[in-house]
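Worksheet: one structure, shown below.
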Number of protein chains: 2
Amino acid sequence: MTTLRDVARAAGVSAATASRALSAPDSVSPAKRQRVEDAVADLGYQPNRSAQALASGRHQHFGLVLPDLANPSFAAIAKGVQEGARRDGYAVLVADTDEDPRAERAMVRDLQPSVEGLILCSPRMTDDEIRECADSGPVVLVNREVDELASVTFDSGSGVSQALRHLRALGHKSVAYVGGPAASWSDAQRRLALADASDIEVSDVGPHRPLYQGGVAAADLALATGSTAILCYNDLLALGVSSRLRARGLSIPTDVSVVGFDDISAATYVEPQLTTVAIPLTRAGQEATSLLSQVRAGTAEHQQLRLPVDLVVRDSSGPAPIS
Amino acid sequence: MTTLRDVARAAGVSAATASRALSAPDSVSPAKRQRVEDAVADLGYQPNRSAQALASGRHQHFGLVLPDLANPSFAAIAKGVQEGARRDGYAVLVADTDEDPRAERAMVRDLQPSVEGLILCSPRMTDDEIRECADSGPVVLVNREVDELASVTFDSGSGVSQALRHLRALGHKSVAYVGGPAASWSDAQRRLALADASDIEVSDVGPHRPLYQGGVAAADLALATGSTAILCYNDLLALGVSSRLRARGLSIPTDVSVVGFDDISAATYVEPQLTTVAIPLTRAGQEATSLLSQVRAGTAEHQQLRLPVDLVVRDSSGPAPIS
DNA sequence: TTGAAAGCGCTAACAT
DNA sequence: ATGTTAGCGCTTTCAA
């Protein structure tokens with residue numbers, strides 16, 4: 001184990017100078033800086049991160065807490081967080097809560113002491129719990145808004161409107177909404193926008209686990225509403241719905257139109273390709289890290305970023321059947 | 001910031017006793033232990049991880065380096081690593097290399113000083129580079145084997161054999177192989193098994209990025225070989241191949257059979273559902289953490305775990321067309 | 001610009 | 001079982 005003292009000794013300078021040569025090169029004479037750099041290379045010196053962290057109070061770690069890494073939407077956000085963090089010189093501690101709010105709370109507590117800031121992705125906790133978390137350290141929310149806290153969200157309202165206008169233009173007069181987790185903020189957002197819809201009848205099919213199997217289960221409920229179109233909380237659900245519908249002998253979009261949310265890549269793997277509201281997941285992850293840096297700097301106490309979303313029309317939506 | 005000294009003072013004990021009360025409760029009298037626990041609760045004490053790490057040399061962090069978080073196979077492995085690590089009381093630093101071997105090398109170097117061990121998932125580096133990494137700290141490989149290093153892999157050979165037997169039984173006499181990244185160890189393994197095939201003619205369609213688009217591009221090449229079946233390096237590729245084939249007016253499995261590798265969930269979202277070799281991805285992640293613990297303990301220097309795989313027959317494979 | 005010195009908060013001998 | 005003590009390796013005042 002070669003330490004900074006070894007480097008300093010080899011370079012014939014003090015430990016302090018060696019430290020400075022590495023962290024603030026301009027505050028050291030070129031000659032000594034060079035000697036230090038050479039010594040570092042010679043000895044293959046690797047700074048001890050724990051010691052740096054302890055002495056400086058900075059560990060260059062961000063934490064990311066999300067409900068499910070295997071969910072492509074969250075994976076995409078995680079990827080964005082990665083990129084952003086790396087760009088800013090941070091490493092990312094990832095915690096997967098398996099959609100469990102209790103585990104979420106616990107993991108936040110575990111993580112918080114070892115990171116400089118936390119990104120909570122689609123947290124399932126209550127607002128109050130989230131506020132508690134934010135009291136213990138810098139926090140940025142993704143896909144959720146809580147008063148006074150920094151967050152990156154998506155304009156779900158606009159997404160719902162775009163989807164509804166699209167369906168209305170195709171002649172649909174009724175749409176069933178297959179909801180996501182009851183505790184989901186973005187699901188609530190979507191319901192809000194749905195409630196505003198005046199020119200189309202909306203039937204709520206209730207909450208579902210935001211997974212393919214949930215969609216399979218929801219399909220029959222949605223169909224029973226007599227709606228000619230089905231809007232889903234996310235693509236996984238929409239994929240499940242489509243599959244079950246086809247299994248029941250219905251044709252998409254001839255008999256019923258299906259629209260999802262997220263635009264995960266699997267949306268284009270299926271036949272017919274899924275019409276969906278595209279959400280800039282990866283970008284959200286990147287923005288979240290930038291925001292987190294700002295929150296730490298006190299520059300963006302409670303900035304709420306709302307990213308635009310876009311309806312991507314593919315083949316799963318078509319004219320309403322002539323009744 | 002409340003420190004252990006504060007807790008000790010509040011509990012009327014020394015810092016050492018407070019420390020012990022928390023890390024080795026049995027080495028402290030029940031009375032004092034209780035007082036310490038109360039003080040911790042009262043003051044809301046959170047240990048400083050950096051200080052613990054510096055003093056003890058253990059930071060309770062594992063590192064996970066993988067090519068692409070957005071790839072469902074790697075996400076599944078990451079999820080397993082998460083679970084395993086958490087079970088063992090470790091947090092996980094994740095680094096996404098974006099399939100870039102250079103980035104991979106750099107990230108390993110960055111990460112290594114801040115973790116107690118590294119899990120390298122499908123590394124794209126050369127064997128020698130990997131050995132270098134292993135010289136700087138405990139390392140476990142996933143989906144790759146290097147002499148003398150601990151690893152968790154899948155029995156690709158058996159997977160290929162199972163797929164080939166299946167196709168052979170269906171009357172296929174020729175199969176095209178759509179390969180993965182040229183630098184991929186598991187791709188090489190599959191090619192090895194393919195070379196052993198005696199009762200079926202194998203055409204190699206060359207390496208491809210292991211993504212849906214790669215499959216779309218590969219489909220025409222595969223078809224041009226005149227094979228009646230196509231085996232793909234992974235499901236993403238198989239999905240892309242299937243899609244392109246359908247677009248060209250071919251029917252699966254009537255005209256051509258398609259078999260993938262991995263059994264990602266999207267394999268069941270599509271029509272026809274994909275016949276594929278199921279790989280215990282999440283389990284591999286868990287096993288990797290266990291192995292890493294053992295490697296650290298010196299208990300499993302170079303254990304090489306090879307997990308069994310299973311052909312899952314669905315609807316994308318069928319009898320060879322009558323020529 | 002440089003070095004000496006004082007910790008950061010904790011753990012781990014060691015002595016009791 | 002408990003307290004005392006001495007660091008872990010680094011950063012960062014403070015003086016020079």
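Nothing here was measured: the structure is a model prediction, and the numbers come from that model. First the proteins, then the strands, lettered A, B, ... as listed; each starts at 1.
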Test: ring-ring contact (aromatic ring centres under 6.0 Å, His included). Region: [range]. Which pairs qualify, not counting sequence neighbours?
range: residues 106-133 of chain B; value: none
range: residues 116-136 of chain A; value: none
range: residues 84-141 of chain A; value: A/Phe62-A/Tyr90

I'd like to check the side chain to side chain contact (heavy atoms under 4.5 Å, CB included) partners of [X]; sequence neighbours left out, ordered by chain and number.
X: A/Arg209; value: A/Glu99, A/Leu211
X: A/Arg144; value: A/Pro123, A/Asp127, A/Ile130, A/Leu141, A/Val146, A/Trp185
X: B/Pro113; value: A/Gln46, A/Arg49
X: B/Arg9; value: B/Arg5, B/Asp6

Take the protein atom [atom1] of [X] and the nucleotide atom [atom2] of [N], then report the distance between them rounded to whole Å.
X: B/Leu4; N: D/dC8; atom1: CG; atom2: P; result: 20 Å
X: A/Gln52; N: D/dC8; atom1: CD; atom2: P; result: 17 Å
X: A/Asn48; N: D/dC10; atom1: CG; atom2: C1'; result: 8 Å
X: A/Asp6; N: D/dC8; atom1: CG; atom2: P; result: 11 Å
X: B/Gln34; N: D/dA1; atom1: CD; atom2: C1'; result: 17 Å
X: A/Tyr45; N: D/dG9; atom1: OH; atom2: C1'; result: 7 Å

Among B/His302, B/Gln189, B/Arg306, exactly one meets side chain to side chain donor-acceptor pair (under 3.5 Å) together with B/Glu145. Which residue is that? B/Arg306
Footprint ends on DNA chain C, 5' to 3', for atoms under 4.0 angstrom from a heavy atom of chain B, come out as C/dG9 to C/dA13
5′-ward residue of the pair B/Pro30/A/Met1 relative to DNA chain D: B/Pro30
What N/O pairs connect the protein and nucleotides 12-16 of chain D at under 3.5 Å? Give each pair on its own line.
{"from": "D/dT12", "atom 1": "OP1", "to": "A/Arg58", "atom 2": "NH2", "distance (Å)": "2.7"}

So the salt bridge (Lys or Arg N to Asp or Glu O under 4.0 Å) pairs with at least one residue in residues 53-68 of chain A (sequence neighbours excluded) are A/Asp68-B/Lys79
Check the phosphate of D/dC8 against A/Ser50, side-chain N and O only, distance under 4.0 Å to OP1 or OP2. Yes or no? no
Give a yes/no answer on whether the side chain of B/Lys32 brings an N or O atom under 4.0 Å of OP1 or OP2 in D/dT2. yes
I need the full list of side chain to side chain donor-acceptor pair (under 3.5 Å) pairs touching residues 19-37 of chain B, with sequence neighbours left out, sorted by first then second residue. B/Gln34-B/Asp38
Any idea which of D/dG9, D/dA1, D/dC10 is nearest the A/Leu54 side chain? D/dG9
Basic-acidic side-chain contact under 4.0 Å: A/Asp110, B/Arg86: yes
The helix from C/dT1-D/dA16 to C/dT16-D/dA1: angle between terminal helix axes, five bp per end, to the nearest 10 degrees, reads 30°
